[in-house]
Amino acid sequence: MTVLIHRNSTIPMNVRKNFTTFENYQNNVNVQVFEGESSKTADNNLLGTFQLQGIAPALAGVPVIEVKFDLDADGILNVSATDRSTGASKSLTITNDKGRLTDQDIQLMIKDVERYNLEDQQGHMQSTFKMWPHTKKEKVGKRAETVSQTARFIRCI
């Protein structure tokens, strides 16, 4: 998932980003638009989706698909995707009146993300602390092996 419009961004705004295909000879891509604070799409609110078809078959990573987000002062979001090589395009308009999160939902989501980020950081620190002796042992072992190989090389000279 790629964040294109960050929380508390000024509006109106226009954002453009280039994407590409994931598989060889892929002739369509799905564009999904979410709102939310989580890095996982499952924890965010799906606002809309569409499929851009007509992409010229090519190796993965070759096609260039430009995705544009235009957010106006009324909170209406226009999302469009265009394949630069074929000119194929598709768009979606998301209005501010249905299927959106309330301010209360957004605040709750922000608190959850902050809490989970803290828990993730603490978990990472704990796992790093637990792995530290093993990591040091591996580094010492590799250095000892290098010293041993160097000593054998010097003896051969």
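- Rounded to the nearest 0.5 Å, atoms CZ (F50) and OG (S80) are 7.0 Å apart.
- Shown here for I94 and V33, the closest heavy-atom pair between the two residues is CD1-CG1, 3.8 Å.
- Closest non-hydrogen pair, D70 versus N14, comes out as OD1-OD1, 2.5 Å.
- The backbone N or O of A60 sits less than 3.5 Å from a side-chain atom of N24, completing a donor-acceptor pair.
- Judged by distance alone, the side chain of D74 and the main-chain N or O of I76 form no donor-acceptor pair under 3.5 Å.
- Note: L47 CG to L92 CG = 8.5 Å, rounded to the nearest 0.5 Å.
- Counted by atom type alone, D83 and T86 present one or more donor-acceptor pairs between their side chains at under 3.5 Å.
- When all heavy atoms are compared, the tightest approach of L4 to K17 is CD2-CD, 3.5 Å.
- For the pair Y25/L59, a side-chain contact is recorded, criterion being any heavy-atom separation below 4.5 Å from C-beta on.
- Taking every heavy atom of both residues into account, Q26 and E23 meet most closely at OE1-N, 3.0 Å.
- Across L52 and K90, no two heavy atoms sit closer than the pair CD1-N, 3.8 Å.
- Counting only heavy atoms from C-beta outward, the side chains of F69 and L77 approach each other to under 4.5 Å.
- Expressed to the nearest 0.5 Å, how far CD of Q32 lies from OG1 of T49 amounts to 4.5 Å.
- Using a 4.5 Å cut-off on side-chain heavy atoms (C-beta onward), M13 and I5 make contact.
- Nearest heavy-atom pair, N44 versus E35, reported as atom, atom and distance to 0.1 Å: CB-O, 3.4 Å.
- Proximity of R84 to I65: side-chain heavy atoms (C-beta onward) are nowhere separated by under 4.5 Å.
- Proximity of T2 to F19: side-chain heavy atoms (C-beta onward) are separated by under 4.5 Å at one or more points.
- Using modelled atom types, one side-chain atom of T20 and one backbone atom of P63 make a donor-acceptor pair closer than 3.5 Å.
- Contact annotation: the side chain of V29 approaches that of I55 to within less than 4.5 Å [non-hydrogen atoms, C-beta and beyond].
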